[in-house]
Protein chains: 2
Amino acid sequence: MPSDKRRVEPRRWPSQVRAALTRERILAAAAHIFAEQGYAAGTTNRIAEHARVSIGSLYQYFPNKDAILAELLLRHIDEELDEPPATALEPAVRAIVRRAVDHHRDDPQLLRIMVEEAPRLPALIEKIERYDRARVAQVRALLAGLAEVRVADLDTAAQLVVSTVEFVVHKEMATAGGIPPERLEAELVAMLTRYLRG
Amino acid sequence: MPSDKRRVEPRRWPSQVRAALTRERILAAAAHIFAEQGYAAGTTNRIAEHARVSIGSLYQYFPNKDAILAELLLRHIDEELDEPPATALEPAVRAIVRRAVDHHRDDPQLLRIMVEEAPRLPALIEKIERYDRARVAQVRALLAGLAEVRVADLDTAAQLVVSTVEFVVHKEMATAGGIPPERLEAELVAMLTRYLRG
DNA sequence: GTCTATACGCCGATAGAC
DNA sequence: GTCTATCGGCGTATAGAC
């Protein structure tokens, strides 16, 4: 009877918690391998191996490979969309730029894969487009509230700001010999601020 | 003997010309399919089918699939690198922007594939980096010759100009609801000119 | 719930007839 | 020179034992 107690207590973790952790391990492994090797080269076998689960287990947590990238992308999107402060023009632009830079600091390689590969997966296209429109609308609203802003067309300006920040930061942070982050922030802020002042 | 003549004359086209045309057909088909379906989905079988040659013939003209993309990319690069005129700042910037826009007008989808996939093929990485450096150096030299340019660091400015033009044009031209080309040109020129004037 | 083993298909590339 | 036929390999996904 005392021996029974021993067997019962440390037997296993609560299965839901363990399952969630396994899921996380798979996602982390996928993020790592997609970032290192690209989406196509990041095979489910390699992901499973790196996460130290079998390929069979992987497919118990995700219906297919695309779903893994989809979840990584959606988490990423959810993190990023919160209102920047509407004060003066220069600090507002700085906030937008800085967020993009910080954001890419984490894992520029993975972001690269998501930016490039996700728009090809039909299941994600619409979500990405909605997200893009939301960002442009957000920036548009921000600019609309600032007296300093003097541009002919606010819609175009918002689109250009979002594209410029996203793609230029993306490029420079992902490139080895790119502009260092602090300087990149300063230059982009200068460029966009002058543009928006008209 | 007269029957011999008949057989000889219209038998075939000169083989070198025909071979060159077949090559072109393959390249054109590859460009089309890479642009539509992406590099991975654009299989050699589909390329061959679309070019109306057999898969065996395709491999007589190209050693492997990567070589097809490599040739498309190198042609593209060769076209683009010629000196812009160094007059005043605004026209110089406009020339840079306009070339990028014109360039993307042809086939924005294909360009997208080349920009995104080519840097993953080891055989092409070095060529692309050399090309990028050449472009930055070219723009740097151009800016250095213009009295209007007042920026702290010419290297950084040149890098930023190249990145901005390339990636923003790329993004807007490839997106359905993007900024229309004429307006894009105007806005980019305004933004970059103001930035460079300091 | 996790594993091993494997089905199945597709792809790049080659061989060899014509 | 162009074709058909096919090889070898790998990748996703599943079946079924434990």
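A note on names: the letters A, B, ... follow the listed sequences, proteins ahead of strands, and every chain is numbered from 1. Quick caveat: nothing in here was measured; it's all calculated off a predicted structure.
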Please name all residues satisfying side chain to side chain donor-acceptor pair (under 3.5 Å) with B:His32, sequence neighbours left out, ordered by chain then number. B:His50

Testing B:His103, B:His104, B:Arg98 one by one against B:Val169 for a side chain to side chain contact (heavy atoms under 4.5 Å, CB included), which residue passes? B:His104

With five pairs defining each end axis, the helix from C:dG1-D:dC18 to C:dC18-D:dG1 comes out bent, to 10°, by 10°

Set of residues satisfying salt bridge (charged side-chain N to carboxylate O under 4.0 Å, His left out) with respect to A:Glu36, sequence neighbours excluded: none

Those residues that, when tested against B:Arg46, pass salt bridge (charged side-chain N to carboxylate O under 4.0 Å, His left out) (two or more places apart): none

Whole angstrom value for the distance that separates P of C:dG1 from CZ of A:Arg25: 15 Å

Just to verify, what does A:Val53 make a side chain to side chain contact (heavy atoms under 4.5 Å, CB included) with, not counting sequence neighbours? A:Thr22, A:Arg25, A:Ile26, A:Ala48, A:Ala51, A:Ser57

Once base and sugar-phosphate atoms are separated, protein heavy atoms under 4.0 Å mark nucleotides 12-18 of chain D, 5' to 3', with B, S and - as BBB----

Tell me: CZ of A:Phe62 to P of D:dG11, nearest whole Å? 20 Å

Using a heavy-atom cut-off of 4.0 Å across all strands, would you classify B:Tyr61 as base, sugar-phosphate, or nothing? sugar-phosphate

A:Arg52 side chain near C:dT2 phosphate (N/O to OP1/OP2, under 4.0 Å): no

Salt bridge (charged side-chain N to carboxylate O under 4.0 Å, His left out) filter on A:Arg150, not counting sequence neighbours, yields none

By side chain to side chain contact (heavy atoms under 4.5 Å, CB included) - contacts of A:Thr193 (at least two apart): A:Leu89, A:Glu90, A:Val93, A:Val189, A:Arg197

Sequence neighbours excluded, every pair satisfying salt bridge (charged side-chain N to carboxylate O under 4.0 Å, His left out) that has a member inside residues 154-178 of chain A: A:Arg135-A:Glu166, A:Arg140-A:Asp155

Rounded to whole angstrom units, what separation is found between the CG atom of B:Leu58 and the P atom of D:dG1? 16 Å

Using OP1 and OP2 only, check whether a side-chain N or O of B:Ser57 sits under 4.0 Å from D:dC3. yes

Atom CZ of A:Arg23 and atom P of C:dG1: how far apart are they, to the nearest Å? 14 Å

